[in-house]
Amino acid sequence: MKIGILTSGGDCPGLNAVIRGAVLKGIAIYGHEFVGFRDGWRGVVEGDIIDIPRTMVRGIAKQGGTILGTSRTNPFENGGGLEVIKAHMNRLGIDAIIAIGGEGTLAAAKRLTDAGLKIVGVPKTVDNDLDATDYTFGFDTAVQIATEAIDRLRTTGESHHRCMIVEVMGRHVGWIALHAGMAAGAHAILIPEQKVSLEQIAQWVKEAHARGRAPLVVVAEGFVPEHMESPHSERGLDTFGRPRLGGIADRLAPELEARTGIETRSTTLGHIQRGGVPTASDRVLATRLGMAAIHSVTEGRWGTMVALKGTDIDRVSFQEALGKLKTVPQHRYDEAAVLFGYASGPC
């Protein structure tokens with residue numbers, strides 16, 4: 001079987017480990033042939049491919065980014081569509097596709113599968129927001145990078161007795177903020193799942209400052225303060241019609257400084273969270289998902305996504321995978337909230 005692999009959407013540590021796992025198992029166990037679509041769905045729409053021999057994937061599990069390139073191309077726009085894609089696959093002799101991506105990528109994969117194409121999905125998002133899998137590769141790396149950055153910012157905050165606000169990724173869920181904030185000992189963690197007033201945030205900041213600490217606030221890019229109706233977005237929409245989030249930390253900083261009288265600085269970590277080499281945990285998970293995807297292809301389980309359930313790899317339908325976001329539950333936030341503010345506390 002000739003299989004095409006694509007990586008679509010935002011780049012993510014662990015993508016190359018998925019490719020390596022799929023290609024090595026596919027060649028060694030099943031004798032499959034592999035090609036890669038350049039730059040995600042763009043390569044599918046334009047029939048732009050490269051061969052992926054076994055030698056090409058040697059040692060790539062530790063590399064960040066993706067050797068195939070990626071883009072946020074919508075396969076149904078800009079000259080794309082089902083018939084165009086089918087024609088390219090027939091011309092190139094490609095039997096099936098492994099689509100590695102997040103919500104937008106998998107939604108496109110479902111639509112194409114429903115129309116008759118043979119596609120298997122692999123979940124990819126640093127945000128860890130796909131409900132059908134317990135964890136996604138890239139998340140552990142993003143949390144580690146964010147934690148290290150926050151630790152560094154904390155030292156400058158303490159030196160200048162400032163309040164530091166750090167904005168992390170996550171879109172409409174707060175998993176990165178929750179984990180990085182807890183790991184770094186934040187005095188407040190602000191996530192999309194929890195409406196919090198500016199008065200409450202200011203109170204947490206003042207309580208930490210009263211204990212001689214430099215207050216540290218970690219905020220997810222999709223956080224919506226109590227006085228706002230929607231997440232802060234000033235960069236328009238992406239190709240799938242979703243708002244490009246970012247900038248909430250810059251809005252919060254002057255508000256908190258005015259309410260607390262404490263000098264406040266904001267930092268947005270942005271794309272640094274998606275860069276660099278993946279952690280060991282992400283390399284292992286990504287490799288296992290790549291191998292599982294090949295098993296799904298060989299068994300003809302089209303329209304399914306491989307997923308982590310506990311410590312085992314399972315399969316779920318695209319419909320189930322795209323059913324809802326995996327948000328931070330109340331009890332997980334309550335665990336972290338015990339550490340916020342509290343002038344009389346030990347933290």
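Note that the structure is a prediction, hence the values are computed from the model and not measured.
- Contact between A336 and I189 at its shortest, heavy atoms only, is CB-CD1, 4.1 Å.
- In this structure, E226 contributes its side chain and K195 its backbone to no donor-acceptor pair below 3.5 Å.
- With values rounded to the nearest 0.5 angstrom, L325 atom CG is found 11.0 Å from N128 atom CG.
- Note that CD of Q144 and CD of Q273 are 12.5 Å apart. Values are rounded to the nearest 0.5 Å.
- A 6.0 Å sphere centred on CG of L92 holds more than 12 heavy atoms belonging to other residues, nucleotides or ligands.
- Judged purely by atom type and a 3.5 angstrom limit, T141 uses its side chain to pair as donor or acceptor with the backbone of T279.
- Put simply, the side chain of E193 does not reach to within 4.5 Å of the side chain of Y333, judged on heavy atoms.
- For the pair R38 (side chain) and I50 (backbone), a donor-acceptor distance under 3.5 Å is absent.
- In this structure, D95 CG and E33 CD are separated by 9.0 Å, a value rounded to the nearest 0.5 Å.
- The backbone N or O of V44 sits nowhere less than 3.5 Å from a side-chain atom of H88 that would complete a donor-acceptor pair.
- No donor-acceptor distance shorter than 3.5 angstrom exists from the side chain of T125 to the backbone of G102, with no hydrogens or angles considered.
- Not a single donor-acceptor pair under 3.5 Å links the side chain of D127 to the backbone N or O of M169.
- Applying the 6.0 Å contact sphere to CZ of R259 captures more than 12 heavy atoms from other residues, nucleotides or ligands.
- Taking CD1 of I3 as the reference point, atom OH of Y30 lies at 10.0 Å (rounded to 0.5 Å).
- The shortest distance between side-chain heavy atoms of I176 and V126 falls below 4.5 Å.
- In this structure the side chain of V18 never reaches within 4.5 angstrom of the side chain of L15, judged on heavy atoms.
- Residue L245 comes nearest to G222 through the heavy atom pair CD1-CA, 3.9 Å, listed as atom of the first residue, atom of the second, then distance.
- Nearest heavy atom pair, residue A108 against residue P75, reads CB-CG, 3.7 Å.
- Using a 4.5 Å cut-off on side-chain heavy atoms (C-beta onward), I5 and I100 make contact.
- V217 places none of its side-chain heavy atoms less than 4.5 Å from the side chain of W204.
- For Q330, the side chain to side chain donor-acceptor pair (under 3.5 Å) test picks out Q194, D334, with sequence neighbours left out.
- If you take CG on L285 and CG on D140, they are separated by 9.5 Å, rounding to the nearest 0.5 Å.
- Residues F137 and V284 are not in side-chain contact: their nearest non-hydrogen atoms beyond the backbone lie 4.5 Å or more apart.
- Under the 4.5 Å side-chain heavy-atom criterion for Ile, Leu, Val, Met, Phe, Trp and Tyr, V84 and W41 are members of distinct hydrophobic clusters.
- Of all non-hydrogen atoms in A184 and L216, the two that sit nearest each other are O-CD2, 4.0 Å.
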If you apply the rule side chain to side chain donor-acceptor pair (under 3.5 Å), what do you find for E199 with Q203, and how did you get there? CA-CA 6 Å; E199 289 78 10; Q203 181 64 29; over 6 Å; no

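- The cluster map of Ile, Leu, Val, Met, Phe, Trp and Tyr, joined by side-chain heavy atoms under 4.5 Å apart, puts M291 and M1 in different clusters.
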Would you mind writing out the side-chain donor-acceptor pairs for residues 308-323 within the sub-3.5 Å range, not counting sequence neighbours?
from, atom 1, to, atom 2, distance (Å)
K309, NZ, A132, O, 2.8
R315, NE, S296, OG, 2.6
S317, OG, E320, N, 3.0

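- For K110, the salt bridge (charged side-chain N to carboxylate O under 4.0 Å, His left out) partners at least two apart in sequence or on another chain are D114.
- L252 places none of its side-chain heavy atoms less than 4.5 Å from the side chain of S266.
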Take V277 and R283 through the side chain to side chain contact (heavy atoms under 4.5 Å, CB included) test and state the conclusion after the steps. CA-CA 9 Å; V277 300; R283 297 181 202 186; 4.1 Å; yes

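- Salt bridge status for E158 with R154: present, with a side-chain N to carboxylate O gap under 4.0 Å.
- Taking the side chain as every heavy atom from C-beta outward, L256 and I201 approach each other to under 4.5 Å.
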Between side-chain atoms of residues 297-305 and protein atoms elsewhere (two or more places apart, or another chain), which donor-acceptor pairs fall under 3.5 Å?
from, atom 1, to, atom 2, distance (Å)
T298, OG1, H32, NE2, 3.1
T298, OG1, I294, O, 2.9
E299, OE1, R301, NE, 3.0
E299, OE1, R301, NH2, 3.3
E299, OE2, H295, NE2, 3.0
T304, OG1, R301, O, 2.6

Counting only pairs under 3.5 Å, give me each side-chain donor-acceptor contact of residues 117-124, with atom names and distances, residues two or more places apart or in other chains.
from, atom 1, to, atom 2, distance (Å)
K124, NZ, S8, O, 3.4
K124, NZ, G10, O, 2.8

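- Hydrophobic clustering of Ile, Leu, Val, Met, Phe, Trp and Tyr side chains at less than 4.5 Å, counting indirect connections, unites I60 with M56.
- Between E46 and R42, at least one side-chain nitrogen of the basic residue sits less than 4.0 Å from a carboxylate oxygen of the acidic one, meeting the salt-bridge criterion.
- Interatomic distance, S71 OG to F37 CZ, rounded to the nearest 0.5 Å: 12.5 Å.
- A side chain to side chain donor-acceptor pair (under 3.5 Å) check over residues 50-68, counting only residues at least two apart or in different chains, returns the pairs T7-T66.
- Without hydrogens or angle criteria, W175 side chain to Y135 main chain gives no donor-acceptor distance under 3.5 Å.
- Checked by atom type and distance alone, the side chain of T155 pairs as donor or acceptor with a backbone atom of R152 at under 3.5 Å.
- With R162 contributing its side chain and T264 its backbone, the two residues share no donor-acceptor pair below 3.5 Å.
- At distances below 3.5 Å, not a single donor-acceptor pair connects side-chain atoms of E167 with backbone N or O atoms of V219.
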